[in-house]
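One structure below.
Atoms within a ligand are numbered from 1 in the order they appear, just like the ligands themselves. For reference, positions follow the sequence shown, starting with 1.
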Amino acid sequence: MHTIIEPFKIKSVEPIYFTTPQQRQNILQKAFYNPFLIQAKDVMIDLLTDSGTSAMSSEQWAGIMRGDESYAGSESFFRFETAVQNITGMPYIIPTHQGRAAEKIIFSIMGGKGKYVISNTLFDTTRANIEFSGAEAIDLLCAEGKLPSVPAPFKGNLDIEALEQFIMAKGARRIPLVIVTITNNSGGGQPVSMANIRAVKSVCNKHHIPFFIDACRFAENCYFIKTREDGYANKSILEIARELFSCADGCTMSAKKDGLANIGGFLAMRDETLAMQSRNLLIITEGFPTYGGLAGRDLEAIAIGLNEVMEEPYLKYRIRSIEYIGEKLDTAGVPYIKPTGGHAVYLDASAFLPHISPDQYPGQALCGALYVAGGIRGVEIGSVMFGKYREDGSLIPAGMELVRLAIPRRVYTQSHIDYTTEVIINVFSQRENITGYKIIYETPYLRHFTARFESL
Ligand code: F0G
């Protein structure tokens, strides 16, 4: 078998600036040990996020020039609307400036005090928007999804039995919607199977609860369905996506992921009344319904990106390049969530740094160590992001302590990836020297973005 090569050539490049470990130690200290507070120019391999960091294609750049910036009825909007309708089969398409703006709109309408929004696992902004509306956010992930070292094909599945029980216990009237995140970003970028989507839909139908999909990484999820679920090997990604969305009443999307765009998002739905309510809020906060929070050129880039992302040579390369990192880490026994996800590798910081307790934030400490050792920027997905406090001020830790290394789409080459795995393995061989952190400043919502730490 041949090496699976990047299915693109590079036409435009950006410099990477090199720094020494000593320089990075100073930079990290000045940034209060929070990778979000480091300047991007001081990062060598930026795996903070796969969001908005994609390299656009020459077709997308051509679309940028074609963008129609008319306030109302822009041609770019209709091309965008057609692209989204073609994939989701949903009639009402509402553009927003990014995913969280779509979440803000939908949860302002459907959320509220005394309600519960159920998911496999909510991402941080989705959870924050639900909680901000007064509702409670409930994660019901399947059992295998909670076992980092045990591989399974669809570790993002929602626990159907737990869903039934929760609905019986709280009453369907208090559950305004169920939203399934594909792939499950907070739980290892793991996919959800078509069978699970169908099962969630059938429970929701029985109880008359609307079913939504958080579709940020829909194409990666569809590729996993194609390669791992019986009966899908001969279907195209578009056919699988259409089947998947046909189960849902609506979706939220951040086009900064599988839209292959640098900004953008949308809400899509089947219910006309809900669409009218959503557009009313859209006009107050985002913009007129034919542009939302976007320029016409952004709508063009998304319309093209949504089709490029479903091309199979691209998805094959994409999923394989992340699997490849896992295989390299296996040679040194580095612990990570198995199998590797669709957009990222999630290092298991609890197993990597067993000498650091959750209240000293092992994930954050590992992020710091990777940055100093190799200029690699990842993000903690653990007790900094999802931890809460008891009344006595002690930490209620997150379910897992992870470091996500998210791979931007079409940006890094195989040698960047080889370098990254060398740095991780090197840090692993000296892990006893890594110490924990203490929080010295934090905010009530989404504290990980701005929190400041002290090294212990
Ligand atoms: N839902 C999921 C599953 C996400 O991963 C994100 C963003 C959002 C919603 C919100 O979208 O950023 O466009 O407002 N995730 C990024 C990340 C930030 O790094 O994983 P947004």
Side-chain angles (χ1 to χ4, degrees), residues 34-36 40 43 46-54 94-107 117 119-132 137 139 141 145 156 158 177-192 212-221 248 250-268 282 285-286 292-294 298 301-302 305-306 309 322 337 341-346 363 367 377-382 384-386 402-409 411 445-446 448-450:
N34 185 342
F36 284 103
V43 176
D46 204 347
L47 310 182
L48 185 71
T49 181
D50 63 320
S51 180
T53 52
S54 302
I94 297 171
T96 59
H97 79 274
Q98 60 185 90
R100 69 197 70 181
E103 293 161 6
K104 171 76 182 157
I105 290 171
I106 203 74
F107 295 119
V117 175
S119 179
N120 48 348
T121 314
L122 294 153
F123 194 60
D124 56 358
T125 59
T126 326
R127 176 176 305 279
N129 271 303
I130 291 166
E131 291 175 353
F132 192 73
D139 291 343
L141 184 63
L158 192 147
L177 78 162
V178 171
I179 180 161
V180 170
T181 314
I182 62 168
T183 59
N184 183 14
N185 186 14
S186 305
Q190 301 293 320
V192 178
F212 273 60
I213 291 176
D214 177 337
C216 292
R217 300 177 179 86
F218 77 97
E220 289 166 6
N221 200 97
C251 71
T252 58
M253 169 90 186
S254 167
K256 300 173 75 172
K257 286 82 168 171
D258 274 352
L260 291 176
N262 301 123
I263 195 71
F266 57 83
L267 252 178
L282 185 84
T285 58
E286 291 279 297
L294 295 169
D298 300 323
I302 297 167
L306 284 171
V309 82
I322 291 159
I337 294 194
H343 67 296
V345 173
Y346 293 67
C367 284
R377 174 157 73 170
V379 68
E380 193 257 21
I381 298 196
V384 175
M385 193 178 274
F386 292 126
L402 306 172
V403 168
R404 185 187 73 176
L405 302 173
I407 312 300
R409 295 170 180 78
V411 170
Y445 288 100
L446 300 172
H448 52 287
F449 289 131
T450 51

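In this structure, the separation between CD1 on I381 and CZ on F123 is 5.0 Å, given to the nearest 0.5 Å. Summarising the geometry, atom OG1 belonging to T252 is positioned 8.5 Å from atom CD1 belonging to I106; distances are rounded to the nearest 0.5 Å.
Atom 21 (P) of ligand 1 has Q98 NE2, 3.3 Å as its closest protein atom, hydrogens excluded (heavy atom only). Nearest protein heavy-atom contact of atom 5 (O) of ligand 1 is N185 ND2, 2.7 Å. Counting only heavy atoms of the protein, atom 1 (N) of ligand 1 lies nearest to D214 OD2, 2.6 Å. Closest protein heavy atom to atom 13 (O) of ligand 1: S254 OG, 2.6 Å. The protein heavy atom nearest to atom 10 (C) of ligand 1 is T125 OG1, 3.4 Å. When hydrogens are left out, the protein atom nearest atom 12 (O) of ligand 1 is R100 NH2, 2.9 Å; that is the closest non-hydrogen contact.
The closest side-chain donor-acceptor pair between N185 and Y346 falls under 3.5 angstrom.
Considering T126, D214, N184, D139 as possible partners of T121, the one that fulfils the side-chain hydrogen bond (donor to acceptor under 3.5 Å, both in side chains) test is N184. Considering D258, I213, L267 as possible partners of M253, the one that fulfils the side-chain contact (heavy atoms from CB on, under 4.5 Å) test is D258.
Although no hydrogens or angles enter the test, the distance criterion places a donor-acceptor pair under 3.5 Å between the side chain of T96 and the main chain of Q98. Not a single donor-acceptor pair under 3.5 Å links the side chain of R377 to the backbone N or O of L48. Between the side chain of D124 and the backbone N or O of F386 there is no donor-acceptor pair closer than 3.5 Å.
Less than 4.0 angstrom separates some heavy atom of T181 from each of these atoms of ligand 1: 3 (C). Which parts of ligand 1 touch G99 is read off a 4.0 Å heavy-atom cut-off, strictly below it: atoms 11 (O), 13 (O), 14 (O), 21 (P).
Compare K257, H97, E103, H343 by their heavy atoms: the one nearest to atom 18 (C) of ligand 1 is in K257.
Ion pairing between K257 and D50 fails under the 4.0 Å rule for side-chain N and carboxylate O.
The closest approach between a heavy atom of C216 and any atom of ligand 1 is below 4.0 Å.
In K256, the part holding a heavy atom less than 4.0 Å from any atom of ligand 1 is the side chain. Using a 4.0 Å cut-off between heavy atoms, R404 contacts ligand 1 through its side chain alone, with no backbone atom that close.
Below 3.5 Å of separation, one finds an N or O of T49 facing an N or O of ligand 1.
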